[in-house]
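Shown next, in structure tokens, is the structure this report addresses.
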Amino acid sequence: MGQFPITRTTSPAQKPADDTLAFGKVLTDHMFLMNYEEGKGWFDPRIVPYGPLSLDPATSVLHYGQAIFDGLKAFRGDDGQIRLFRPDRHAQRFDRSARLMSMPALPVDIIRASFDALVGVDADWVPHKAGTSLYLRPTIIATDVMLGVHPSHSYLYFLILSPVGGYYKEGVKPVRILASDAHVRAVKGGTGEAKTAANYAQSLAGQQDAAAQGYTQVLYLDGVHRKYLDEVGTMNIMVRIGDEVITPPLAGTILDGVTRASVIQLLQDWGLKVSERQISIDEVMAAGRDGTLKEMWGTGTAAVVSPVGTLGYKGEDVLINKGETGELTQRLYDAIVGIHYGRTNDAHGWTSVVKVPAIA
Ligand SMILES: *Cc1c(COP(=O)(O)O)cnc(C)c1O
């Protein structure tokens, strides 16, 4: 803090009541910006009033989608302190996404410091109600004004903040997901391990198909064999068969989820068996039929863990744990949420307290 110039808004917005918060609809009073130009590097980090960006219609990101983002949260703890969850890991992943999308390397320490600085300035926007949080959305877009297809020579980094409601209004609730044999998300050598805009644009059709068939989300299978589990559109996937938790390996097609890594660590801490390996949809469906599929859940910043109550594939549905939240799923959720709000011991140092500047 103090290291970035701040221009404060002269017209602060009215903050919504905590119980009206949804996801990403309300933005805070300020944003963080920084520019890049080839030959000059990243320059001019600054905090300014939140507002529209002005872009030439020929700006390359609008045509070819050279854009990356990340998503993390700040929580107001029971002790009143504001904590970021694993901000270093998010900043590093953001850098990885940048490289995968042919963007220049990021000054990871400045990105990391931008989280603290902006949350500090807009600290009053971190909601108080249980389950709520402040979502941070760091983004980089290609800003060359040109219609040729090549990596941009200039970029804009922006960080915006949104107070968000609890993902679960009435306790953790299982979802219905559809393993798709019609849509694929990524193949090796593609963009699957980057958090890049294009991955989400191309996921919308599958999402609509799943919704039309009565499911909440798509479970993607690998793009080559259409056989092995990859991940859900915005979550990594885990299954518990007997006493083994299995999750697809980081092999170039799925995102290296921060929640995924945290869950794997907790399972190891608890002495449980967790395997990062390929698992086929046929194996999961068979386990669903014979009752050895005990639990299945997605992991991601938005929901933490999201239990799967029903898994559909090729016209067949299997009900998991009678459609209820499993015991391990709930334990993982409670453990991570406890760390978010500073209720339980943060043994791995995952949270980082934000220093709120005293301002007049
Ligand atoms: C963001 C995201 C996840 C979850 O990652 P977290 O770091 O746990 O939030 C998983 N899969 C995809 C495709 C994502 O975009």
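Every value quoted in this text rests on a predicted model; they were computed, and no experiment measured them. As the structure lists them, so they are numbered: ligands from 1, and atoms in each ligand from 1.
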Problem set entry | Backbone of Ala251 reached by a side-chain donor or acceptor of Glu193 within 3.5 Å | no
Exercise. Using a 4.0 angstrom limit on heavy atoms, which residues are close to ligand 1?
Worked result: His90, Arg93, Arg185, Lys195, Tyr200, Glu231, Gly233, Thr234, Met235, Asn236, Leu255, Gly257, Val258, Thr259, Thr299, Gly300, Thr301
For this session: Take Asn35 and Trp42 through the side chain to side chain donor-acceptor pair (under 3.5 Å) test and state the conclusion after the steps.
Result: CA-CA 6 Å; Asn35 298 84; Trp42 288 98; over 6 Å; no
Exercise. Is the closest basic N to carboxylate O distance between Arg99 and Asp95 below 4.0 Å?
Worked result: yes
Exercise. Step by step, would you call Val284 with Leu311 a side chain to side chain contact (heavy atoms under 4.5 Å, CB included)?
Worked result: CA-CA 9 Å; Val284 176; Leu311 172 62; 3.6 Å; yes
Would you list the atom pairs, donor with acceptor, under 3.5 Å between side chains in residues 258-267 and any protein atom, with sequence neighbours excluded?
from: Thr259; atom 1: OG1; to: Thr301; atom 2: N; distance (Å): 3.3
from: Arg260; atom 1: NH1; to: Glu276; atom 2: OE1; distance (Å): 3.4
from: Arg260; atom 1: NH2; to: Pro248; atom 2: O; distance (Å): 2.9
from: Arg260; atom 1: NH2; to: Glu276; atom 2: OE1; distance (Å): 2.7
from: Ser262; atom 1: OG; to: Arg86; atom 2: NH1; distance (Å): 2.9
from: Ser262; atom 1: OG; to: Val258; atom 2: O; distance (Å): 2.7
from: Gln265; atom 1: NE2; to: Asp269; atom 2: OD1; distance (Å): 2.9

For this session: Would you tell me whether Glu37 and Tyr155 have side-chain atoms, one donor and one acceptor, within less than 3.5 Å of each other?
Result: no
